[in-house]
Amino acid sequence: MFEANEDYLKLPGSYLFSTVAKKTAAYVAEHPEAKIIRMGIGDVTQPLPPAVIKALHKAVDEQADAKTFRGYAPDLGYEFLRKAIAENDYRDRGCDIRDDEIFISDGAKSDSGNIQEIFQRDNRLAVCDPVYPVYVDSNVMAGRTGEYDERTTRWSRVIYMPCTEANGFVPDYPEKTPDFIYLCSPNNPTGEAMNKDQLQGWVDYANEKGAVILFDAAYEAYIHDENVPHSIYECAGARTCAIEFRSFSKNAGFTGLRLGATVIPKDLKDHNGVALWNLWARRHGTKYNGAPYIVQRAGEACYTKEGKEEIREMVGRYMHNAAFIRKSLADMGYATYGGVNSPYIWIRTPNNLTSWEFFDLLLSKANVVGTPGSGFGPSGEHFFRLTAFGSEENSVEAMERIRKM
Ligand code: PLP
């Protein structure tokens, strides 16, 4: 008799965004006249840049001709894209990363969720609290997180690093020593980013403890401050302790197209001298047949002169919204964070409301949907996340409604 994987059964409740969607749908069913403004889920709204569309059309035409047709992609990605990424995102920034240390994938969600497979099952993980839920849930599915405590909403074998107003939303080094540590900067959901010294501190810590940092750089394109690093490899010593995830979703609008990359330096070895590069290459070879050729060509187009300009303009539009939302809420008296180096604005709920109470209030009084901070972890309680990914018109309208609320 077959039996379902019990580790999957340990996952508590429903996924944050499905609860948000259900509550919103229930409200709309009761109030069909309501004009809802969605500032909850982190999906982009602007169309793909013209340079990307052009590359897609060309690649589609190549697939129509036997002379230029491409079948299975190379396991680790096409050379043209690995080179473009290594050159533009790394070497041009002074980071020592080679083309063959880039692994192409269908996005940062898959890679940040799957990477835990290359660590021993008894390795201890550390995560920020609040955190992007994928890091914890993927380890739950792998049976690595111990028992769940419904009261504290914490797993017994996960090391939580609270990110609060008190520490400026930058985690302190944990008391227990982790084997691998998820860091995301600029961060989802707090919208705050680590500066160079702070990230260097983490790299030094990881090298000293023999730990690996799994660095999620999905929001790198939103960095505005000069002292915020765009890659962990800007820090000395990162080649021996860090893996980095990249995404084409938030910069170039590939949330539907799907493309990402993971960087594993060949110097990154465990205490027995085993290179993680080899394990990830083996995993790709066995479990993955590559991002589609046409999508990899679309990714390459992001690094052309036109592509770069178009992406800068698109990100600029979202960041214009972010600055407006942040300022509007601050003017209304909300304690407001993020929104400077990221498209997320993180606010403290008024009158000590819980995150879900504020969600209900905002939905019913302003018809605005956001994301309750408590859904990202216990330290997110009494906080709320709004995104700047909507249109300017909707951002203005939403702020007007919240002001009147
Ligand atoms: N990493 C973080 C921190 C995210 O917030 C998201 C999406 O919201 C992702 C990764 C997913 O990226 P991708 O679309 O490349 O899978």
Side-chain angles (χ1 to χ4, degrees), residues 15-18 20-21 38-46 48 52 77 81 85 89 102-116 125 127-139 161 163 169 171 181-194 199 213-223 228 230-232 243-263 288 290-292 295-296 298-299 302 311 314-315 318 322 338-339 341-346 370-371 373 375-377 380 385-390:
Y15 188 60
L16 171 64
F17 293 106
S18 59
V20 168
R38 290 169 205 275
M39 301 173 82
I41 197 159
D43 200 357
V44 295
T45 54
Q46 291 178 50
L48 291 164
V52 167
L81 183 56
I85 294 173
D89 288 336
I102 309 283
F103 294 78
I104 305 302
S105 74
D106 64 349
K109 186 185 206 173
S110 328
D111 284 356
S112 63
N114 289 325
I115 197 78
Q116 43 77 28
L125 63 135
V127 291
C128 291
D129 165 28
V131 71
Y132 178 53
V134 170
Y135 311 149
V136 175
D137 288 0
S138 55
N139 279 284
M161 306 183 294
C163 295
F169 302 99
I181 306 158
Y182 293 87
L183 292 179
C184 176
S185 177
N187 185 256
N188 174 18
T190 65
E192 291 289 330
M194 283 189 223
L199 192 57
I213 296 174
L214 304 172
F215 187 75
D216 190 337
Y219 297 95
E220 171 276 328
Y222 292 83
I223 293 172
V228 172
H230 289 249
S231 162
I232 197 165
I243 290 175
E244 181 164 295
F245 308 109
R246 289 269 170 164
S247 169
F248 287 74
S249 288
K250 313 295 165 128
N251 57 345
F254 279 44
T255 51
L257 209 54
R258 310 303 308 143
L259 189 65
T262 287
V263 185
Y288 189 59
V295 178
Q296 295 198 45
C302 295
I311 286 172
M314 188 153 82
V315 168
Y318 292 133
N341 294 300
S342 88
Y344 295 126
I345 296 94
W346 186 243
T371 311
F376 297 99
R385 191 193 78 175
L386 290 171
T387 84
F389 284 129

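Whatever order the structure lists ligands and atoms in, that order sets their numbers, starting from 1.
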Should Y219 be listed as contacting ligand 1, given a heavy-atom distance under 4.0 Å as the test? yes
Which is it for [X] and ligand 1 at heavy atoms under 4.0 Å: side chain, backbone, both or neither?
X	value
Y135	side chain
C184	side chain
F248	neither

List every atom of ligand 1 that sits less than 4.0 Å from any heavy atom of [X], numbering the atoms from 1 in the order shown and giving each element.
X	value
S249	13 (P), 14 (O), 15 (O)
K109	11 (C), 12 (O), 13 (P), 16 (O)
G107	15 (O), 16 (O)
K250	7 (C), 8 (O)

When you measure from atom 2 (C) of ligand 1 to each heavy atom in D216, T387, I41, which option holds the nearest one? D216
Identify which of A218, G260, A108 has a heavy atom lying nearest to atom 12 (O) of ligand 1. A108
Could you tell me whether a side-chain N or O of [X] sits under 3.5 Å from a main-chain N or O of [Y], the two making a donor and an acceptor?
X	Y	answer
Q296	G77	no
Y318	T387	no
T371	G40	yes
T45	F389	yes

Between ligand 1 and [X], is the shortest N or O to N or O distance under 3.5 Å?
X	result
R258	yes
T255	no
Y132	no

Between D216 and Y135, is there a side-chain donor-acceptor contact under 3.5 Å, judged purely by atom types and distance? yes
T262 vs F245 side-chain heavy atoms within contact, under 4.5 Å: yes
V44 side chain near S249 side chain, heavy-atom distance below 4.5 Å: no
Are the aromatic ring centres of Y344 and Y219 under 6.0 angstrom apart? yes
Evaluate Y288 against S110 for side-chain contact (heavy atoms from CB on, under 4.5 Å), listing each step before the verdict. CA-CA 11 Å; Y288 189 59; S110 328; over 6 Å; no
